[in-house]
Amino acid sequence: MDPIVVISGLDKVYAGGHHALKSVDLEIRRGEIFALLGPNGAGKTTLIGIVCGLVRPTSGRVTVGGADIRRDYRAARSRIGLVPQELSTDMFSTVWQTLVFSRGLFGRSSDPAKVEQVLRDLSLWDKRDAKIMTLSGGMKRRVLIAKALVHEPEVLFLDEPTAGVDVELRRDMWALVRRLREQGTTIILTTHYIEEAEEMADRIGVIDGGEIILVEETAALMRKMGRTEVTIGIAEPLPAVPPGLEDWAIGLSEDGCVLTATLGGGEQPDDAGVADLLKALAARGVDARTIAMERSSLEDIFVDLVGRRP
Ligand SMILES: Nc1ncnc2c1ncn2[C@@H]1O[C@H](COP(=O)(O)OP(=O)(O)OP(=O)(O)O)[C@@H](O)[C@H]1O
């Protein structure tokens with residue numbers, strides 16, 4: 001699939017000397033949902049800021065839809081919608097005025113029907129004449145998203161979109177993200193809620209200490225790095241783990257009634273591993289009564305990845 005955002009050799013050293021990004025190379029595919037994960041201070045906001053033309057890189061290059069973000073800023077920026085963490089809009093404007101202004105800012109022709117659609121999509125239609133300052137926090141967040149979408153960007157950046165939002169807004173937001181993706185919008189998000197990334201993202205990138213340490217399809221990442229802990233309750237206590245089961249690294253509880261094994265870390269789905277294990281036990285006359293499986297989450301994988309680094 002052709003990339004819509006191409007980041008190459010990106011470096012950022014802040015005025016105080018902090019090296020926030022180190023030779024970052026990254027391609028975002030057109031139409032995907034890409035989640036950028038990383039611990040605090042990893043460089044996520046810096047990276048998004050550079051791609052959106054808000055932060056000047058020390059060196060390297062970014063193109064959006066082929067347009068260079070520095071040499072051809074207007075063309076590149078008009079393809080991007082950015083939902084920042086905080087609202088910096090004129091508090092005295094109405095919701096409607098804010099959106100109309102935002103659309104014009106990116107050189108789009110006036111289109112009241114489009115503005116109405118965006119407002120309706122975000123359940124803001126009833127609030128169109130309200131001044132921003134009179135809105136609740138959740139409504140202000142909705143305005144931020146509407147503002148980012150009203151010029152019909154090809155790429156939408158969501159920086160911590162669900163931090164501190166209520167359940168309803170979170171649900172609406174993800175429904176909207178799915179709809180946008182279906183319409184062909186590319187979505188790049190950062191989040192501290194790793195389970196959301198696991199559920200939503202087509203691909204995951206992990207950044208740590210200013211370096212991209214991993215980029216992988218979410219499903220492949222879960223398969224390759226995920227583990228399944230299997231706990232098997234057996235009918236008759238065993239004196240020891242039956243021989244010939246070395247491949248599974250099985251543990252036996254002190255009372256001989258519970259076997260435990262860790263599966264995964266390969267290309268084979270864990271379910272197949274569990275079936276093979278049960279067959280191997282049955283062949284050795286071990287009668288399994290109960291089976292419990294616990295899969296590692298993306299969160300476990302993430303903590304493991306970042307924690308292993310010096
Ligand atoms: N304007 C600035 N001047 C100097 N240093 C900065 C500036 N902005 C960010 N930094 C530093 O650069 C590093 C990366 O910051 P950045 O905000 O990109 O991280 P982040 O991954 O977005 O973190 P968080 O998850 O906490 O938002 C941090 O160590 C931060 O202190």
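Each ligand, and each atom within it, is numbered from 1 in the order the structure gives.
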Do me a favour and list the nearest non-hydrogen protein atom to [atom] with residue, atom name and distance?
{"atom": "atom 10 (N) of ligand 1", "result": "Tyr14 CE1, 3.3 Å"}
{"atom": "atom 19 (O) of ligand 1", "result": "Gly43 N, 3.2 Å"}
{"atom": "atom 27 (O) of ligand 1", "result": "Thr45 OG1, 3.7 Å"}
{"atom": "atom 23 (O) of ligand 1", "result": "Gly41 N, 2.8 Å"}
{"atom": "atom 18 (O) of ligand 1", "result": "Thr46 OG1, 2.5 Å"}

For [X] and [Y], does a side-chain donor sit closer than 3.5 Å to a side-chain acceptor?
{"X": "Thr58", "Y": "Tyr14", "value": "no"}
{"X": "Glu196", "Y": "Trp174", "value": "yes"}
{"X": "Thr190", "Y": "Asp159", "value": "yes"}

With atoms numbered from 1 as shown, which atoms in ligand 1 lie under 4.0 angstrom from a non-hydrogen atom of [X]?
{"X": "His18", "result": "11 (C), 12 (O), 13 (C), 28 (C), 29 (O)"}
{"X": "Asn40", "result": "23 (O), 24 (P), 25 (O), 26 (O)"}
{"X": "Ala20", "result": "12 (O)"}

Side-chain donor-acceptor pairs of residues 182-189 under 3.5 Å, sequence neighbours excluded:
from, atom 1, to, atom 2, distance (Å)
Thr185, OG1, Leu180, O, 3.3
Thr186, OG1, Gly31, N, 2.8

Should Asp129 and Thr94 be marked as a side-chain hydrogen bond (donor to acceptor under 3.5 Å, both in side chains) after you check the CA-CA gap, both sets of side-chain angles, and the distance that decides it?
CA-CA 5 Å; Asp129 295 322; Thr94 66; 5.3 Å; no
To the nearest 0.5 Å, what is the distance between CZ on Arg74 and CD1 on Ile69?
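So the CZ of Arg74 and the CD1 of Ile69 are separated by 12.0 Å.
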Does the protein put a heavy atom less than 4.0 Å from atom 25 (O) of ligand 1?
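So far as the 4.0 Å threshold goes, atom 25 (O) of ligand 1 is in reach of a protein heavy atom.
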Does the protein put a heavy atom under 4.0 Å from atom 14 (C) of ligand 1?
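Yes; the ligand atom in question has protein heavy-atom contact below 4.0 Å.
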Determine, using heavy atoms of Gly16 and all atoms of ligand 1, whether some pair is separated by less than 4.0 Å.
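Distance cut 4.0 Å: Gly16 fails for ligand 1.
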Taking distance alone, with no angle check, do Ala42 and ligand 1 share an N/O pair under 3.5 Å?
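In this structure, Ala42 places an N or O atom under 3.5 Å from an N or O of ligand 1.
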Is there a donor-acceptor pair under 3.5 Å between the side chain of Lys12 and the backbone N or O of Arg56?
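Checked: pair present.
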Any ring-ring contact (aromatic ring centres under 6.0 Å, His included) pairs touching residues 93-126, not counting sequence neighbours?
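The answer is Phe106-His151.
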